[in-house]
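The shown structure was predicted, so the numbers you read here are calculated from the model rather than taken from an experiment.
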Amino acid sequence: MASTTLRKTLRSRGHRKLIAVLVAAREAAGLTQRDLAARLKRPRSFVGRMEASERRIDVIEFIEIARVLEVDPRQLFARLLD
C-alpha cells in the first residue's frame with residue numbers, strides 16, 4: 001500500500017478560503033462574532049480563533065455553523081469549491 005502524507009491545512013490556502021466563506025456568511029446574516037458564538041452556545045473566543053485561522057473546523061462544526069447562519073451547508077460548501 002502506498003504511503004501518503006497529508007499536508008498541514010491550518011492557514012493553508014484552502015483553510016483561508018474556508019474562513020473567508022464562513023466570515024462572509026456570518027456578515028451576510030448580519031451577525032457579529034459575539035452573536036454567532038451565542039447561537040452556537042460557545043464562547044466568543046471560539047469564533048474569534050476560528051476566524052483568525054487559529055483552529056480547524058471539522059465537518060460537524062461546519063454543518064452546525066451553516067445551520068445557525070440559516071444557510072444550507074451544501075450551498076456553503078459549494079462556495080468553498082468554487
Side-chain angles (χ1 to χ4, degrees):
M1 193 161 162
S3 172
T4 304
T5 302
L6 292 176
R7 295 178 300 148
K8 293 185 179 185
T9 58
L10 196 60
R11 296 186 183 98
S12 67
R13 185 180 332 153
H15 188 256
R16 288 191 305 269
K17 186 170 182 180
L18 169 63
I19 298 306
V21 165
L22 291 173
V23 170
R26 175 181 60 75
E27 290 174 345
L31 299 177
T32 65
Q33 287 184 354
R34 192 173 306 279
D35 296 332
L36 177 57
R39 288 185 181 194
L40 292 168
K41 297 183 173 110
R42 305 273 182 106
R44 197 229 32 98
S45 61
F46 172 85
V47 176
R49 290 186 67 218
M50 174 186 74
E51 291 187 4
S53 294
E54 294 176 1
R55 70 175 308 279
R56 289 192 176 105
I57 298 116
D58 68 31
V59 174
I60 303 305
E61 290 171 333
F62 178 85
I63 293 167
E64 180 183 8
I65 292 165
R67 289 184 174 156
V68 163
L69 293 173
E70 299 179 0
V71 178
D72 183 329
R74 292 169 291 214
Q75 291 176 346
L76 201 57
F77 191 74
R79 290 183 210 167
L80 179 61
L81 298 176
D82 290 338

(request) Write down the atom of L76, the atom of A25, and the distance for their closest heavy-atom approach. (result) CD1-CB, 3.8 Å

(request) Could you pull out the closest heavy-atom pair between F62 and I57, with the gap in Å? (result) N-CG2, 3.6 Å

(request) Nearest 0.5 Å please: distance from the CD1 atom of I65 over to the CZ atom of R39. (result) 13.0 Å

(message) Looking at F46, I want to see if its CZ is surrounded by more than 12 non-hydrogen atoms of other residues, nucleotides or ligands under 6.0 Å.
(response) yes

(request) Please report the closest heavy-atom contact between M50 and I19, naming both atoms and the distance. (result) O-CD1, 3.1 Å

(message) Counting neighbours of CZ on R55 that are heavy atoms of other residues, nucleotides or ligands and sit closer than 6.0 Å, is the number greater than 12?
(response) yes

(message) Nearest 0.5 angstrom please: E70 CD to L31 CG, how far?
(response) 8.5 Å

(request) Evaluate the side-chain proximity of E61 to D58: yes if any heavy-atom separation is below 4.5 Å, no if none is. (result) yes

(message) Test your reading of the model: is there a side-chain donor-acceptor pair from E27 to the backbone of A24, 3.5 Å cut-off?
(response) no

(message) Looking at every non-hydrogen atom in both residues, tell me the closest pair between P73 and I63 and how far apart they are.
(response) CG-CG2, 4.0 Å

(message) When you group the ILVMFWY residues by side-chain heavy-atom contacts below 4.5 Å and let the links chain together, are I60 and L36 in the same group?
(response) no

(message) What's the separation between atom CG in L69 and atom CG in L40, rounded to the nearest 0.5 Å?
(response) 7.5 Å

(message) So E54 and R11, do their side chains get closer than 4.5 Å, heavy atoms only?
(response) yes

(message) Would the distance check show the side chain of T32 and the main-chain N or O of D35 forming a donor-acceptor pair, the cut-off being under 3.5 Å?
(response) yes

(request) Can you measure from CZ (R44) to CZ (R49) and round to the nearest 0.5 angstrom? (result) 11.0 Å

(message) Within the structure provided, determine whether R79 and V71 are in side-chain contact (heavy-atom separation under 4.5 Å).
(response) yes

(message) Would you say that Q33 contacts R26 through its side chain, given a criterion of any heavy-atom pair below 4.5 Å between the two side chains?
(response) yes

